[in-house]
Structure formats: C-alpha cells, structure tokens
Protein chains: 2
Amino acid sequence: MLVKKPTINDVARAAQVSKRTVSRVLNGSASVGEETRKIIEKIIADLNYQPDKQARGLASSRSYFIGIIYDNPDALYIDQVQRGLLDVCSRQGYELVVHPCKYDSPSLVEDCLAFVGRSKLDGVIVLPPVSESKVLAAALREEGHPYVRMASLDLDDHTNIVVSDDRTGVRQMAAHLVGLGHRDIGFITGPMHYHSSTERFEGFCGALKDLGLPIPEGRIAHGKNNYQSGLECAHTLLAGEGRPTAIFANTDEMAAAVLKVAHELGIKVPEELSVCGFDDNILASRIIPALTTIRRPVTDMASLAAQKIISAIEDKEEKAIRVNYIVQPSLIIRESTSQWPGSE
Amino acid sequence: MLVKKPTINDVARAAQVSKRTVSRVLNGSASVGEETRKIIEKIIADLNYQPDKQARGLASSRSYFIGIIYDNPDALYIDQVQRGLLDVCSRQGYELVVHPCKYDSPSLVEDCLAFVGRSKLDGVIVLPPVSESKVLAAALREEGHPYVRMASLDLDDHTNIVVSDDRTGVRQMAAHLVGLGHRDIGFITGPMHYHSSTERFEGFCGALKDLGLPIPEGRIAHGKNNYQSGLECAHTLLAGEGRPTAIFANTDEMAAAVLKVAHELGIKVPEELSVCGFDDNILASRIIPALTTIRRPVTDMASLAAQKIISAIEDKEEKAIRVNYIVQPSLIIRESTSQWPGSE
DNA sequence: TTGTAAGCGTTATCAC
DNA sequence: GTGATAACGCTTACAA
C-alpha cells in the first residue's frame with residue numbers, strides 16, 4: 001500500500017474545478033451550484049478523500065482537537081466522561097486529547113495553558129475538581145480558549161458550564177433516610193475546599209434542618225473522598241458508644257470504607273447501620289451489601305459539555321448558551337439502607 | 001492578551017539569521033556554529049517561542065499525537081494505562097488521543113484506520129482485547145502506521161508488542177490454592193475467543209495437571225469477563241451438592257460476582273469457599289472480603305509501550321526492539337482465600 | 001457561482 | 001556552517 005493519499009488538488013482536477021470550489025463543498029458553503037456540488041461529492045467519495053486536518057488547521061488556525069483536563073481518582077467517572085464526550089465529538093469530526101494533572105500543583109494554570117497552547121486545542125473540557133479553579137477558568141478565557149466546566153455548582157456563565165444539581169440530589173437522600181426513621185445521622189464530608197463537598201454537605205444539613213434534625217458536630221467527619229480517608233472517618237464515627245444509625249458519605253469510595261469498618265467492628269449493615277454514598281460508581285453495585293447512593297448523570301453531562309464546546313468553537317458562543325446547562329442527579333436505593341429501628 | 005505568538009520568522013529576524021538556521025537549532029542539527037546556536041537559543045527563550053506543531057507536522061508529515069485504541073469495560077485499567085503512557089509521552093512532547101471502539105464490530109479495522117489516518121497519528125497503542133486482532137495489526141503495518149500492542153501473549157515481533165506473562169501468573173495462583181489444601185477447584189473462564197482467556201485457562205489447568213489435579217469438566221464455567229456473566233457462572237458452579245472448595249475467576253469482576261452469589265447462598269468466604277480473581281483492579285481491595293488476585297503490572301506495560309512506540313516513530317524501529325517486551329504479573333494474597341479444610 | 005493567489009509556520013532541497 | 005526558496009494541503013480575501 002502506502003499510496004499517497006489524495007489531496008484537495010486531486011479532487012479539484014478530477015472534478016475540473018478549482019480547489020477553492022472543492023473547499024467550499026468541504027465546508028458546506030451555500031454558494032456552490034447544485035450540479036457542481038454533486039459532482040464534487042461523488043469524486044470525494046470515489047477517491048475516498050479525507051481533508052488533511054493539519055493543513056486545514058494551519059490555514060484556519062484550528063486543530064479539530066478538544067482537550068479534557070482532570071485530576072480525579074475515580075477512573076470510572078473519567079472513563080464515562082470520555083465516552084460521553086467522544087460520542088458527540090467524533091460525530092462532529094473532533095478528537096479527544098487527555099490531560100490528567102494535579103489540581104493542587106502551583107503550576108496548574110501554567111501547565112494547562114501549555115497543554116492547550118502547544119497543540120492548539122480548539123477547546124477544553126474541565127472536570128471536577130479542577131473545574132472549580134477560578135484562576136484556571138479566568139486564564140483560559142483571557143487567552144481566548146473556549147472551555148466548558150463540569151461542576152456541582154453554578155459558578156460560570158451558562159455558556160461555559162454544565163452543572164449537576166448535587167444540592168437537590170442530597171436532599172433526596174436526606175428525605176430517604178429520615179423517611180426510614182433515622183434520627184441520628186452521621187456525615188463524612190469531602191475536602192472542604194472543594195465546592196462539590198460544601199454543596200453536598202450544606203445541602204444535606206439544610207435538608208435535615210428543614211426536617212428539624214440538625215447534625216451535631218460530633219457526627220461530622222472530614223474525609224478526602226478517597227477510601228483511605230473513609231476508613232479513618234468511619235472509625236471516628238463508629239468507635240465508642242452511641243454511634244449514629246446512618247452514615248452518608250460524600251463519595252461511594254468512602255461509603256465502601258464505612259462498610260469495611262462496620263464489618264470489622266461486627267456492625268451489621270443495614271440492620272444496625274444504614275450507609276449511603278454519592279456517585280453510583282461501579283463499586284456501588286458490586287459491593288456487599290449493594291450501596292444506596294446518588295447517581296451523577298455523568299453521560300448526560302458529558303454530552304451537554306461536548307455540545308456546548310463545539311457550539312462555542314463553531315458558532316462563536318452564539319448557540320452554546322442555548323444548550324441546557326443543568327442536570328439532575330437521582331437517588332438509587334439498594335441494600336445498604338433500611339428502616340430504623342431495624343426491620344429485620 | 002491574545003498577542004500573536006512568535007513564529008520561527010520572529011526568531012530568525014531577532015537573531016539575524018535565516019529561518020533555516022533556526023529550524024536547525026530546533027531540530028538539534030549538528031551543523032550549526034556554536035556561537036549561532038547560543039544566540040538563537042537565547043532568543044528562543046526570551047521570546048518564549050514554541051514551534052507550531054501543526055506547521056511542523058504539515059511540513060514533516062508528523063503530528064506528535066499518539067493514539068490509544070481499546071474496547072475494555074475495565075475503566076480502571078484504561079485509566080492506569082493512559083496515565084502510564086502519558087508519563088512517558090508528554091515528557092517527549094507527544095499527546096495522547098483516545099479512541100474507544102467495538103472489538104466485535106465488523107468495521108473495527110476500517111474504523112481504527114480512519115482514526116489513525118484522519119489525525120495523522122504518529123503511532124497507536126492497542127490495548128487488549130483489541131490488541132489480539134491479527135487483521136488490525138496487519139492493516140496497521142500495511143499502512144505503515146507504527147503500533148504497539150499490549151497483550152497476554154507473544155503474538156507479534158518484539159518491536160510491536162508488550163506482553164504480560166499471564167500464564168506464569170496463573171501458575172502462581174494454582175500453587176497458592178493447592179498449597180492451601182484445595183483439591184477441588186472450579187474455574188470461570190473469559191470469552192474463549194480471547195487469547196488472554198485461553199492463556200489463563202490453559203496456564204491454570206496446566207499447572208494443576210502438573211500437580212496431579214486435573215479440573216473436571218463440571219468445574220468449568222464459561223463467562224464473559226463481566227459481572228453479569230460472573231453471576232451466572234457462579235450460580236452454576238455453586239448450585240446443587242458437592243461444590244468446589246475454591247473458585248478462580250478470569251477477572252476480578254467475575255470474582256466479585258462469585259462473592260455476591262456465595263453471600264446470597266449463605267456460603268462463607270473464605271471459610272467454606274476460597275475465591276480469587278485476576279487483574280487487581282480497584283474492586284479487589286475494596287470488596288469484602290478483599291480479593292486474592294493476580295496483579296497485572298499495568299503501569300509498567302504502559303511505560304514500556306510508550307517507549308517502544310516513540311522509539312519506533314523516531315528511530316525507525318531501530319531502538320524499539322531493545323526495550324524489554326515482557327512483564328511479570330504477581331500474586332496478591334488477601335482475605336478471600338484460606339486453608340482447606342477451613343482453618344477458622 | 002466560481003477562480004486566482006496569497007498566506008498559515010514549519011521542514012527539506014540545494015546551492016553557496 | 002548557512003541561506004534562498006520551494007514544498008506541505010488547506011483556507012480565505014479579493015476578483016471575476
């Protein structure tokens with residue numbers, strides 16, 4: 001093989017037109033004769049011609065690449081997002097370039113800017129928690145790079161963000177727990193400098209308060225969203241007398257840790273303790289007992305984000321704002337929560 | 001901001017040389033005067049000049065993008081591989097473009113070729129099970145696209161592959177189980193048209209046979225590597241009288257399913273049944289009881305694959321072959337396997 | 001509706 | 001060792 005790929009010139013020659021006209025067809029310009037267009041399209045198909053992205057990009061200063069920036073330990077989440085984005089992007093001729101990074105690094109902004117710059121990415125999707133960085137967003141905007149943030153909180157104008165309404169999600173969980181008769185509920189937070197953590201925490205506390213059940217200080221443990229910290233928090237919450245009858249963890253990872261510790265301590269879940277998490281990642285359904293949790297509509301968010309970024313790239317922000325920007329989590333009830341006092 | 005980025009021409013002008021000379025410096029050509037080089041390098045630094053990848057690519061027909069092709073349900077594995085690859089690639093100036101696909105699709109080859117072609121990827125890394133496709137590899141080679149396959153079996157020349165020695169891995173598991181006193185062991189296979197499945201299955205059976213313990217037909221269940229099929233296989237293996245004392249599943253996902261079914265059936269693990277898996281994915285350490293399994297050295301493989309592909313791209317296959325191509329899995333003993341008859 | 005010609009920012013060919 | 005100058009394959013003013 002290795003025959004040289006056809007260029008726009010080959011197409012033009014075969015169609016007996018100038019390459020300018022072929023270019024018009026390629027870009028869907030209106031001002032091409034019906035006849036001519038037909039002929040050119042046929043030849044393109046016959047030759048199996050594909051425009052060269054690099055040349056195209058060089059001329060139009062675009063790359064047809066979209067970046068995805070994240071620093072998230074939850075691989076499943078990343079994977080889902082990637083697939084969701086790709087679903088939309090590849091249909092529109094964009095490819096996805098990945099960029100894991102360190103949210104806490106002092107060079108985060110510089111690093112991300114370099115990433116976008118060196119490959120002339122047409123735009124970037126930023127995942128939580130990196131998406132919460134005000135400075136990064138400002139820098140991207142400043143440099144004129146289209147971006148869309150995925151977050152748990154409405155912290156940018158609706159052209160540039162897709163948010164999952166975590167606050168409403170945790171309210172459902174509060175209602176669920178209280179509905180089961182729980183009156184003494186513990187909470188394991190995420191890192192409190194993440195908006196997602198405070199949203200969930202405050203949303204949950206607020207809901208409980210509305211139901212007349214404030215969480216006492218002693219029932220709150222501060223975790224880091226990961227398994228290890230979940231283990232530690234579970235210990236502090238479950239050690240000693242008078243433990244809570246239910247624990248809500250900020251992530252499934254930490255909820256899994258609670259299950260583990262409860263198991264070690266001989267506390268039966270859900271009979272003696274209800275446990276629930278947030279995310280609905282793969283762990284949630286596999287673990288025993290299966291976890292009651294809140295599902296983040298990841299794929300929906302990704303799909304919206306992709307539409308937004310492409311609109312922003314192609315229509316200069318005109319259409320992007322029309323794409324919906326908010327999405328609702330949903331309560332998934334499984335085996336780890338039950339009636340209190342224990343129904344078994 | 002939005003000041004136009006400096007080009008090679010700006011550098012040339014400032015240095016009072018032709019752009020050809022700047023280009024030489026950029027590409028580390030030997031034939032540039034020591035003086036001249038110093039001057040140019042300083043100016044490059046001062047201007048914070050970065051060569052434009054697109055233009056570079058257009059001229060040299062390279063893209064500085066490496067693709068990664070996969071169809072794998074295990075998000076954690078994908079994520080680990082991506083990070084492993086990126087670790088090496090980004091240091092060398094390459095970006096990673098992702099491409100999930102359908103291994104069983106009739107258009108797999110066409111689809112992947114289009115992926116590589118339309119973005120002029122410099123090379124691709126192919127993950128299992130897609131990496132097992134002979135036709136895809138042949139097509140890639142035919143078209144002159146550098147590629148590296150990650151697999152469980154040595155099925156290409158060592159320039160183009162990185163393999164994990166699954167066969168040796170499962171042997172360790174066999175020894176472990178038999179060492180614990182198990183004599184009646186069940187096995188849940190993966191899809192038998194995957195080389196990885198047959199490698200593990202045959203490796204395990206072979207090891208058992210060597211120890212004088214052939215697996216009877218009735219102790220074998222054919223799964224699909226996913227949780228759902230694991231559930232089904234576990235049922236057939238554990239239903240009725242005279243169940244095996246240990247079950248080895250081809251993946252952790254399926255092993256998790258065995259745990260689930262055992263739990264439902266009231267069979268205690270590991271006291272009444274030992275269970276083990278393969279992969280050491282996140283599930284393995286989170287689940288209760290924590291899973292004894294075989295760890296695939298994913299990061300190592302990814303790192304080797306990255307080195308190989310870059311060598312192939314830059315040195316025209318000369319150095320790639322010198323990079324090691326085989327990597328050893330290791331046995332991770334946790335809580336799901338124990339002495340038989342039960343030691344508790 | 002269609003064509004001409006000038007870039008886009010590099011690398012590559014050949015002289016000098 | 002260095003420098004004109006021509007590619008690379010496309011888009012886009014500007015004409016026609």
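Just so we're clear, the structure is a prediction, and the values are computed from it rather than from any experiment. The sequence lines fix the lettering, A, B, ..., with proteins before strands; numbering per chain opens at 1.
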* Structure fact -> In short, salt bridge (charged side-chain N to carboxylate O under 4.0 Å, His left out) pairs touching residues 145-155 of chain B with sequence neighbours left out are B:Arg149-B:Asp156

* **Cation-pi, A:Tyr77 ring and A:Arg296 (6.0 angstrom, 45 degrees)** => yes

* Euclidean distance, atom CD1 of residue B:Ile39 to atom P of D:dG1 [Å, nearest integer] -> 16 Å

* For A:Ser29 and A:Asn27, test the side chains for any donor-to-acceptor distance below 3.5 angstrom and give the result as yes or no. => no

* **Close side-chain approach of B:Ser196 to B:Pro128, heavy-atom, < 4.5 Å** => no

* Asked: Is there a donor-acceptor pair closer than 3.5 Å between any side-chain N or O of A:Ser63 and the backbone N or O of A:Lys120?
  -> yes

* Taking atom P of D:dG9 as reference, at what distance in whole Å does atom NZ of B:Lys53 sit? -> 21 Å

* **A:Arg83 side chain near A:Thr299 side chain, heavy-atom distance below 4.5 Å** => no

* To do: Kindly indicate whether the side chain of B:Ile68, heavy atoms from C-beta on, has any atom under 4.5 Å from the side chain of B:Val97.
  => no

* For the pair B:Tyr325 and B:His158, name the ring-plane relationship: parallel under 30°, tilted 30 to 60°, perpendicular over 60°. => parallel

* Structure fact -> In whole angstroms, the gap separating P of C:dG3 from CD1 of A:Ile40 amounts to 8 Å

* So what does A:Ser61 hit on the nucleic acid, given a heavy-atom distance under 4.0 Å: a base, only sugar-phosphate, or nothing? -> nothing

* What's the CD-P distance between B:Glu34 and D:dT2, to the nearest Å? -> 11 Å

* Structure fact -> Taking five pairs at each terminus, the helix from C:dT1-D:dA16 to C:dC16-D:dG1 shows an axis bend, to 10°, of 30°

* To do: Can you check each nucleotide of nucleotides 4-16 of chain C against protein heavy atoms at under 4.0 Å and return B for base, S for sugar-phosphate only, - for none, in 5' to 3' order?
  => B--BBBBBBB---

